[in-house]
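When reading the values below, keep in mind they use all heavy atoms of this one structure, side chains included, and skip hydrogens, waters and symmetry mates. Letters A, B, ... are given to chains in the order of the sequence lines, protein chains preceding strands, and every chain is numbered from 1.
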There are 2 protein chains.
Amino acid sequence: MVFHEKKISGRIVPPASAEIVQKICGCKWSLTVFWLLSEGINRPGEMVRSVDGLTTKVLNDCLRRNLDFGLIEKTTFPEVPPRVEYHVTAYGKQFLNIMRQLEQLGSAPRT
Amino acid sequence: MVFHEKKISGRIVPPASAEIVQKICGCKWSLTVFWLLSEGINRPGEMVRSVDGLTTKVLNDCLRRNLDFGLIEKTTFPEVPPRVEYHVTAYGKQFLNIMRQLEQLGSAPRT
DNA sequence: CAGTATCCAGACCGATACTG
DNA sequence: CAGTATCGGTCTGGATACTG
């Protein structure tokens, strides 16, 4: 019931719903980018400047990923120079809560 | 506070404590393997037979990873033929709870 | 049965240069 | 300022064959 969908001819296959774990958590910067947004750093330029080692290409890869999963949403302002903002969705906030728990667990002492 | 440790000369760096997310969740089979253990499938042979596409090499890679993070523990029985069992630790159970939430979220409708 | 060694294909990611 | 294109280096995962 967790991490698998069903057995196919007696064999267990990984769940499609675990995809979010793989795709988001597996991506090197997705979580960091996601966190930046939750902290109010919403514009691509800011993000690149804030994170050491983050390039525009990688940033956009991560953003697209997060967008695809509905964790964030994009707003384009019709201005010159162009302005864009990304924000965490309601769904994304639920995700964030879970990530916070993981973060806590990760820094907790193993007993 | 989440997903980063501190700013170094004004730049944000990813947190060491997010490592568990990266390493475990990012690994293609680690979660599945972990789930198998939580379901009582504890011996390597069983696991390989249960999961379509899982080879012994990949299985051992995943197991080592989970061991390193203290999510599981290994028991060796001095028998012939050799028998080994892996079990989820108390720490691993906490991790499992969080993964269950993720699983739920992943299969929930995006609103 | 448990675990390792090797080799190969593909994914990711980072640097750079470029367009709108 | 926002975003894309391209090109390598590197790491991971999968197939296979092998040892204890």
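- Heavy atoms of B:Tyr86 sit under 4.0 angstrom from primed sugar atoms or phosphate atoms, though from no base atom.
- In summary, the aromatic rings of A:Phe95 and A:Phe69 are positioned with their centroids too far apart to meet the 6.0 Å limit.
- A:Leu54 has its CG atom 13 Å from the P atom of D:dA2, to the nearest Å.
- In this structure, OH in A:Tyr91 is found 13.0 Å from CG in A:Leu96, a value given to the nearest 0.5 Å.
- One interatomic measurement links the two molecules: CG of B:Asp61 to P of D:dC11, which rounds to 15 Å at whole-angstrom precision.
- Looking at heavy atoms from C-beta onward, A:Val84 lies out of side-chain contact with A:Arg43 at the 4.5 angstrom threshold.
- With a cut-off of 3.5 Å on both pairing distances, the Watson-Crick or G-U wobble partner of C:dC7 is D:dG14.
- One can place CZ of A:Phe77 at 12 Å from P of D:dG3, the figure rounded to the nearest angstrom.
- Nucleic acid contact class of B:Val58 (heavy atoms, under 4.0 Å, all strands): base.
- Residue B:Thr56 has its side chain nearest to D:dA17 when only D:dC1, C:dA2, D:dA17 are considered.
- Between B:Leu67 atom CG and B:Cys62 atom SG the span is 11.0 Å, to the nearest 0.5 Å.
- If you take NZ of A:Lys28 and P of D:dC11, they are 10 Å apart, rounded to a whole angstrom.
- Side-chain atoms of B:Thr55 and base atoms of D:dT16 include no donor and acceptor less than 3.5 Å apart.
- Looking at heavy-atom distances under 4.0 Å, A:Pro44 makes contact with sugar-phosphate atoms alone, never a base.
- Contact check, A:Arg64 against D:dT4: a side-chain N or O comes under 4.0 Å of OP1 or OP2.
- Not one side-chain nitrogen or oxygen of A:Arg65 sits closer than 4.0 Å to the OP1 or OP2 atom of C:dA11.
- The CG atom of A:Asn66 sits 8.0 Å away from the SG atom of A:Cys27 when rounded to the nearest 0.5 Å.
- In this structure, A:Asn42 atom CG and D:dC1 atom C1' are separated by 15 Å, rounded to whole Å.
- Comparing B:Pro81 and B:Asn60, the nucleotide of DNA chain C nearest to each residue sits closer to the 5' end for B:Pro81.
- Within the structure, a side-chain polar atom (N or O) of A:Lys74 is placed less than 4.0 Å from OP1 or OP2 of D:dG3.
- Taking only side-chain nitrogens and oxygens, B:Arg83 never comes nearer than 4.0 Å to OP1 or OP2 of C:dA2.
- In this structure, CD of B:Glu85 is placed 10 Å from P of C:dA2, rounded to the nearest angstrom.
- Out of C:dC12, C:dC1, C:dG20, the shortest distance to the side chain of B:Arg49 is found at C:dC1.
- Distance CG (B:Leu67) to C1' (C:dG3): 13 Å, rounded to an integer number of Å.
- The phosphate of D:dG14 (OP1 or OP2) has a side-chain N or O of B:Trp29 nearer than 4.0 angstrom.
- Between A:Gln94 and B:Gln101, the side chains place no donor N or O within less than 3.5 Å of an acceptor N or O (distance only, hydrogens not considered).
- With rounding to whole Å, B:Leu59 atom CG is found 10 Å from C:dG3 atom C1'.
- Of the candidate nucleotides C:dC1, D:dG14, D:dA2, D:dG14 has the atom nearest to the side chain of B:Lys57.
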